[in-house]
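Below: the structure, in structure tokens.
First the proteins, then the strands, lettered A, B, ... as listed; each starts at 1. The analysis underlying the following values was restricted to heavy atoms, covering all of them including side chains, and did not include hydrogens, waters or symmetry mates.
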Amino acid sequence: MNDAVIAAFVPLVDCAVLVAAREQGFAAAEGIDLQLVKEPSWASLRDHLCLGHVDCAHALAPLPVALTLGVGHVRVDCVAPFVLGRGGNAVTLSARLVRELRTVAADALAGPAEAGRALAAVVRTRTAPLTLGMTFPFSNHNFDLRYWLAFAGIHPDRDVRLVAIPPPLMVDSLRAGLVDGFCVGEPWNSLAVAQGLGCIVATQAQLFPHAAEKVLAMRAAFAANEDVVGRLLRALDAAAAWADDAAHHAALAAQLARPDYLGVAASVIETILGGHQPLGPHAHVRDPDFLYFHRRAANQPSAANGMWIYAQMVRWGQLAPSETSQRLAAEVFRPDLYRRSLPSVRLEVPTFVPFDRIAFSAADVRAYVRQFPLHTPFTEFQAL
Amino acid sequence: MGQRSLRILIIDENAVRAAILEEGLRVASSEEGGAVEVHYIRDMANVLPRIAAVDPDVILIDLENPSRDTLEQMFQVSRLARRPIAMFVDKSDSEAVQAAIDAGVSAYVVDGLRKERVRSILDVTISRFHAFDRLQNELQQAKSALEDRKIIDQAKAILMRQRGCTEDDAHVLLRRTAMNQNRKIADLARSLVAAAALLTEGGQ
């Protein structure tokens, strides 16, 4: 008898490792009957995870941190022993807004820095603030978007209006004119581009190379099942290696395209996996590391992942700065569980330079946060 | 001065379920003798100012409603005087929370509301959500029973035509064959009708 493990996911290309673990038999080979449950929203995924209706989840990396710290929700101790995907997010702006950007700067689509500066020029001339979508308060989409806006001198809480929208509703919100742009994971950026609704102006791979985007999150109590968790991580490791191999992208795209997973054309998913999807009418991504699942020690979590998230939460007033919170955030990520399950894996984590050349310093998070001119102060009122 | 009545806001795209819930909440509150105002929002357009206008003590929403991410973020950054929070805040009541999740209910409650009060609202909501599910199931069953009877009548007509037998004979034949093959009469009738349709089409 295989052990049943139920995992919740939100329809996004980076649920690929879980899908491959089930569909390619990697989970069954480890004696696990991996059952996947599709969720309509991150709030629903969180509720099912917290109450034990599912054993683990394809989670936004900041989600288990927010739960462990009890921000925005009752405190539920969670751990993240495995990174399911690096990169894959992008910022898409509406076709109309992109036209405005190109009017103020001919090079507006040259990269995240140029696009940000052009957007800042547009924001300064507007009377009504722009509305931009992201996925959840505790998401890299929120943090990526805020970081990029603030880099350009746009205050994300004062100069624009940010709204949370579940990924599958993002494209329709752009079409309906409810938002002027958004930051979301794939395939939703590519679908907006394919339908002529907008252009991709920045990718997560440009903003924060090697970012831990989705993790396998579980309640700390579930992680105590050493045997099952060990086999699960080994299955995911094999699935991640399989999914990362370009030779398997067509097969993987066909599986993800199924209506019970993403319900999106396989051809669109395949170009995303290859990192050469259109940015708009003008260019393609051309970045094999746009989204990856296994190479470069992708699956190995680290304390720095948690501290980066802590830093963003503090910078934008979601959390009061504290040594304890910083330590708890770091401890959500569990390289020890990863290594215990995959002892033969010895990986050097590479270093990367982000678009603004400001490297994250886990050694001094306070100084890292203080160097930025734009912040939102924490107030009790905002703490929930 | 009379006490301000408790304000409950239902957000539901399903108008029938919302009506069932609304009625249940009114009945329960009149039995308890507490004053309750029940408000209802069906579509999510411009939802924050509408919520602010109601200034609810409790918001009830379908767990699967994809707008919950949007709502939660709005609550987090809004300057509403009283900020609603997900009901999981009180761990001591995890049984009630489990029951709510099972029924597909999620609730946001403003701080300071008495726990017993929240509990009784939640109980009514859970039972009404279940009642709605039962209603839907019964409707579904009634529909399929009607369809079964139709298809059995069709199968009998085919048998009567082909074998020149009476309706009673056709019924007995159907029932016996179904019993021998360990199938439902309706399933057998369905394949019989399908086969007959195929043969007639082929013959034409």
Is any side-chain heavy atom of B/T70 closer than 4.5 Å to one of A/P166?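 The answer is yes; the side chains approach within 4.5 Å.
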
More than 12 non-hydrogen atoms from neighbouring residues, nucleotides or ligands closer than 6.0 Å to [atom1] on [X], yes or no?
X: B/R26; atom1: CZ; answer: yes
X: B/R163; atom1: CZ; answer: no
X: B/R149; atom1: CZ; answer: no

How long is the span from the CD atom in B/E72 to the CZ atom in A/R46, to the nearest 0.5 Å?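 Rounded to the nearest 0.5 Å, the CD-CZ separation comes to 4.0 Å.
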
side-chain contact (heavy atoms from CB on, under 4.5 Å) involving B/Q181 - partner list, sequence neighbours excluded: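 Per chain and number, B/Q181 pairs via side-chain contact (heavy atoms from CB on, under 4.5 Å) with B/T177, B/R183, B/L188.
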
Quick one: closest heavy-atom pair of [X] and [Y], and the distance?
X: B/L63; Y: A/S44; result: O-CB, 4.0 Å
X: B/D69; Y: A/F136; result: OD1-CE1, 3.5 Å
X: A/P40; Y: B/P66; result: O-CB, 3.9 Å

Between B/Q73 (side chain) and A/T135 (backbone), is there a donor-acceptor pair under 3.5 Å?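 It does not hold such a pair.
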
For the candidates A/L178, A/V163, A/N142, A/I165, which exhibits the highest count of non-hydrogen atom pairs separated by less than 4.5 Å from chain B?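 The residue among A/L178, A/V163, A/N142, A/I165 with the greatest pair count is A/V163.
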
Does B/D62 have any side chain to side chain donor-acceptor pair (under 3.5 Å) partners at least two apart in sequence or in another chain, and if so, which?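 B/D62: side chain to side chain donor-acceptor pair (under 3.5 Å) contacts with B/R17.
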
